[in-house]
There are 2 protein chains.
Amino acid sequence: MKRETRIPNATIERISLYSRPLEELLNKGIRVVSSEKLAELCKVNPAQVRKDLSYFGEFGVRGIGYAVKNLLSEIRKIIVSDREWKLAIVGLGNLGMALVRHDNFLKRGYRFVAAFDSSPRKIGEMIRSDLVVQPPSKIHLVISELGVEIGVISTPPSQSQAVADMLIEARIRAILNFSPIQVRHSGPCLVQNVDFTVRLDNLAYHLGQEG
Amino acid sequence: MKRETRIPNATIERISLYSRPLEELLNKGIRVVSSEKLAELCKVNPAQVRKDLSYFGEFGVRGIGYAVKNLLSEIRKIIVSDREWKLAIVGLGNLGMALVRHDNFLKRGYRFVAAFDSSPRKIGEMIRSDLVVQPPSKIHLVISELGVEIGVISTPPSQSQAVADMLIEARIRAILNFSPIQVRHSGPCLVQNVDFTVRLDNLAYHLGQEG
DNA sequence: GCCTGTGAATCCATTCACAGCT
DNA sequence: AGCTGTGAATGGATTCACAGGC
């Protein structure tokens with residue numbers, strides 16, 4: 001172990017990736033997995049798997065492999081997904097609604113506790129038994145009252161910067177941004193961008209190379 | 001220029017990123033942009049911008065900067081988004097429907113020309129004036145008849161591998177996978193994965209570090 | 001014999017710093 | 001004077017290869 005060393009960003013991305021097949025193996029009743037098998041399931045190099053895990057501890061047994069259940073629980077401790085995180089969503093168009101209804105979030109401990117939209121038609125709508133759409137003017141109040149930690153932006157791009165500013169103003173700790181523009185953020189707020197079209201552009205580029 | 005050199009993967013990701021603010025600058029009527037300004041808008045290093053672009057040609061003018069309109073059109077040629085790509089979507093739950101309706105795709109030249117779902121309730125539904133839901137058994141036929149190039153998977157994870165196999169069987173050239181499992185793919189089919197929860201895990205990890 | 005954990009070696013990407021053009 | 005284009009230098013990440021323990 002070498003917990004002192006700075007942990008590569010790429011390692012953190014992959015750690016979360018490893019947990020997906022581990023869940024499957026656990027469901028299938030498979031008890032032990034080797035770095036080679038896990039690497040194959042995640043399409044990475046076996047040495048990569050071992051090195052990534054070694055940043056956080058010695059979770060394996062030499063000659064045997066990793067205990068699936070134990071490894072999964074260690075990973076959940078590392079990426080702090082052994083507890084619930086509170087999310088707020090802003091922008092309840094097609095994508096926003098789909099995100100709120102998507103059960104993958106809750107399954108991994110991400111719970112939407114507030115929802116905002118500027119459209120008068122949407123405000124007041126009950127989109128889940130415990131989730132009523134509120135106007136953006138309530139963002140500051142609601143975020144601090146409920147202790148929301150992560151804000152999800154799924155507004156049209158023209159509004160996303162203004163929304164980000166409101167979230168930051170309300171002292172939100174992190175933002176997941178689905179709009180195709182980079183959000184400016186000063187200070188301690190973390191931002192992750194998810195832009196589908198960047199992924200498609202990537203595919204298009206490589207297809208174009210093949211001819 | 002050094003078109004012979006292998007182009008870093010990271011460069012290709014960023015090239016597509018650069019086009020977003022360029023579109024905005026063009027709309028605002030701004031004619032010229034420096035690497036410094038563009039870098040600021042994309043949150044990268046100015047030298048990075050220059051180097052990335054230099055892999056593909058000499059688009060700038062020393063002492064002046066880059067002509068916005070020209071640079072944008074060059075970038076569109078590089079990532080082959082100066083033409084239309086044909087997409088098929090499989091899985092029309094909340095997320096799938098949101099993707100089909102999301103106008104960002106069409107705006108950038110990605111057009112859904114076919115839609116599949118296994119639910120009898122969905123089959124036959126007209127989700128757009130030119131798009132009727134078909135059963136997965138039609139995948140092979142439709143893909144080859146329409147010449148679909150990219151498949152989008154938004155099924156539940158339990159079905160995603162089977163769907164991927166069908167798409168690959170139908171000789172699709174690339175897959176954009178929204179389900180949280182890595183799709184196995186042999187042969188020449190390209191795959192890109194989009195897993196929202198990996199992004200959230202990343203935020204959670206860093207928030208956990210801060211205490 | 002088998003599989004982990006890890007220093008050392010390699011590979012790739014970013015940034016610097018300045019020559020070259022307008 | 002100003003800003004691009006790019007070799008050279010630095011910094012990170014991946015992979016190798018083998019020692020260490022079951």
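Order of the sequence lines fixes the chain letters, A, B, ..., with proteins taken first and strands second; residue numbering starts at 1 for each chain. Keep in mind that this is a model prediction, so the values were computed, not measured.
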- For B:Ile15, does its backbone N or O pair with a side-chain atom of B:Asp52 as donor and acceptor, under 3.5 Å? no
- d(CZ, A:Arg50; C1', D:dC18) in whole Å: 11 Å
- Note on the structure: Between CZ of B:Phe56 and P of D:dT6 the distance, given in whole Å, is 13 Å
- Out of curiosity, B:Thr197 OG1 to B:Asp201 CG, how far, rounded to the nearest 0.5 Å? 5.5 Å
- Atom pair distance, as rounded to whole Å: CG in B:Leu53 and C1' in D:dG5: 10 Å
- Note on the structure: Separation of D:dT14 atom P from A:Asp52 atom CG, nearest Å, is 7 Å
- Query: Can you check whether A:Ser34 has a side-chain N or O nearer than 4.0 Å to OP1 or OP2 of C:dC3?
  - Reply: no
- Just to confirm, is there a sub-4.0 Å distance from OP1 or OP2 of D:dT4 to any side-chain nitrogen or oxygen of B:Ser35? yes
- Item | Distance in angstrom units between A:Gln48 CD and C:dT4 P, rounded | 15 Å
- Just how far, in rounded Å, is P of C:dG5 from NZ of A:Lys51? 12 Å
- Query: Aromatic rings A:Phe105 and B:Phe196: how do their planes relate, parallel, tilted or perpendicular, breaks at 30° and 60°?
  - Reply: parallel
- Which of C:dT14, D:dA13, D:dT14 is nearest the side chain of B:Arg14? It is C:dT14
- Would you please test B:Leu87 and B:Val113 for side chain to side chain contact (heavy atoms under 4.5 Å, CB included) and show each step? CA-CA 6 Å; B:Leu87 316 196; B:Val113 297; over 6 Å; no
- Short side-chain N/O contact from B:Tyr66 to OP1 or OP2 of D:dG5, under 4.0 Å: yes
- Side chains of B:Arg108 and B:Ser81: donor-acceptor distance under 3.5 Å anywhere? no
- Task: Hey, which sits more toward the 5' end of DNA chain D by its nearest nucleotide, B:Val33 or A:Ile64?
- Result: B:Val33
- Query: How close or far is atom C1' of C:dC21 from atom CZ of B:Arg62, stated in whole angstroms?
  - Reply: 5 Å
- Residue mapping more 5' on DNA chain D - nearest nucleotide basis, B:Val61 or A:Thr11: B:Val61
- CG of A:Asn45 versus C1' of C:dT6: gap in Å, rounded? 14 Å
